[in-house]
Visitor: 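My structure is below; once you've seen it, I'll send some questions.
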Amino acid sequence: MKILIVEDERLLADALKVLFTGKGFEADTAYDGKTGEEYARSGIYDLLILDVMLPGIDGYELARRLRAAHLGTLILMLTAKSELEDRITGLDCGADYYLTKPFDTRELLACVGALLRRQGGQVDELVFGNTSLDLGTAMLVCGEKSIRLSAKEFEIMRLLLKDRGRNYSKEMILEKVWGYDSDAVENHVEVYIGFLRKKLASIGSNIRIETIRRLGYHLEVDEDD
Ligand code: CA
């Protein structure tokens, strides 16, 4: 899945690129409307994340031009404006969805997940035992029950679910979830594993997070359930 981020706030654009790359997407950035239009017209993107207030061509105009050129790429519009009128303008221009800044990254990921799902094709949950993790919404689901994971809980759970038989040491989890530069310590991992165990139990999941001394953590399914 390829995403184009058209956003003139470079810090935000670059942060979004990192976010989506981390979720397994390919992401490109354009910092103005004209460049955004050139990239988007290539037709290689599955989704455009489009800021409204852009230098040169604004987001509304860009969306209008792409739709006029019969480009069917999904468009998620971002804007600092929250008035109803702006939303309507955005949708009239051919945007598929509208998100108001500032937004929570989980909200953004959920929107992108929902849009791509609507488009079809994207596998976006990891299943183990009686439980699944929705990668778009960070919801852990077991039967009728579900609970939302915090960003760090989600990253840890995703890591353990992706490679189920494998042991992840605290050190590896720290590195993968918090990153090299973080000053988080191994104790943080223990705390978050504790949160995850509570959440798994609260929805009646039969997944257990096993601790093996010195080797770290891995997932098992309780067959008794
Ligand atoms: Ca802007």
Side-chain angles (χ1 to χ4, degrees), residues 1-119 121-122 124 134-139 148-152 154-155 177-179 181-182:
M1 290 279 167
K2 255 174 121 58
I3 296 181
L4 174 63
I5 300 150
V6 188
E7 165 64 73
D8 61 317
E9 285 171 54
R10 291 183 179 233
L11 281 178
L12 176 60
D14 296 345
L16 291 179
K17 179 175 174 158
V18 169
L19 175 75
F20 283 110
T21 308
K23 298 289 175 197
F25 295 96
E26 281 182 66
D28 291 329
T29 48
Y31 303 126
D32 64 78
K34 194 167 173 295
T35 313
E37 186 181 2
E38 271 169 37
Y39 283 19
R41 277 179 182 273
S42 70
I44 60 171
Y45 297 99
D46 301 291
L47 173 75
L48 305 189
I49 294 179
L50 186 55
D51 185 32
V52 169
M53 302 304 282
L54 289 167
I57 309 165
D58 72 17
Y60 297 137
E61 179 59 24
L62 180 46
R64 231 178 256 126
R65 290 186 188 186
L66 296 176
R67 291 304 184 234
H70 302 292
L71 210 86
T73 312
L74 290 166
I75 298 177
L76 172 59
M77 269 208 182
L78 298 181
T79 183
K81 297 180 178 180
S82 57
E83 294 84 2
L84 181 64
E85 238 171 71
D86 296 312
R87 284 172 198 264
I88 293 168
T89 309
L91 296 174
D92 278 350
C93 291
D96 296 280
Y97 200 82
Y98 201 101
L99 200 59
T100 307
K101 290 179 187 174
F103 50 84
D104 187 277
T105 52
R106 276 172 302 175
E107 192 185 359
L108 174 65
L109 289 170
C111 284
V112 167
L115 284 170
L116 291 173
R117 223 171 10 247
R118 203 197 288 170
Q119 184 96 322
Q122 158 109 333
D124 55 7
D134 186 314
L135 300 181
T137 60
M139 296 293 283
R148 189 181 297 280
L149 300 185
S150 72
K152 296 295 182 213
F154 172 73
E155 292 298 333
V177 173
W178 275 266
D181 299 333
S182 156

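The chain is numbered in sequence order, starting from 1. For ligands, and for the atoms within them, numbers begin at 1 and follow the listed sequence. Small disclaimer: the values here were computed from a predicted structure and weren't measured.
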Visitor: Identify whether the distance between the nearest side-chain nitrogen and carboxylate oxygen of R67 and D96 falls below 4.0 Å.
Guide: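 So R67 pairs with D96 through a salt bridge.
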Visitor: Under the side chain to side chain donor-acceptor pair (under 3.5 Å) rule, collect the residues that match up with R41, sequence neighbours excluded.
Guide: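 R41 satisfies side chain to side chain donor-acceptor pair (under 3.5 Å) with E37 only.
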Visitor: What side-chain donor-acceptor pairs closer than 3.5 Å can you find for residues 51-58, not counting sequence neighbours?
Guide:
from	atom 1	to	atom 2	distance (Å)
D51	OD1	K101	NZ	3.1
D58	OD1	Y60	N	3.1
D58	OD1	E61	N	2.8

Visitor: Using 3.0 Å as the cut-off, note every protein N, O or S atom close to the Ca ion (ligand 1).
Guide: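 Those protein N, O or S atoms (cut-off: under 3.0 Å from the Ca ion (ligand 1)) are D8 OD1, D51 OD2, M53 O.
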Visitor: Taking R106 first and then D104, would you say they form a salt bridge - that is, a charged N and a carboxylate O separated by under 4.0 Å?
Guide: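 Answer for the salt bridge query: yes.
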Visitor: Could you state the interatomic distance from CD1 (I49) to NZ (K17), rounded to the nearest 0.5 Å?
Guide: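 Atom-to-atom, I49:CD1 and K17:NZ are 13.0 Å apart.
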Visitor: With sequence neighbours excluded, tell me which residues meet side chain to side chain donor-acceptor pair (under 3.5 Å) with D8.
Guide: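 Not a single residue meets the side chain to side chain donor-acceptor pair (under 3.5 Å) criterion with D8.
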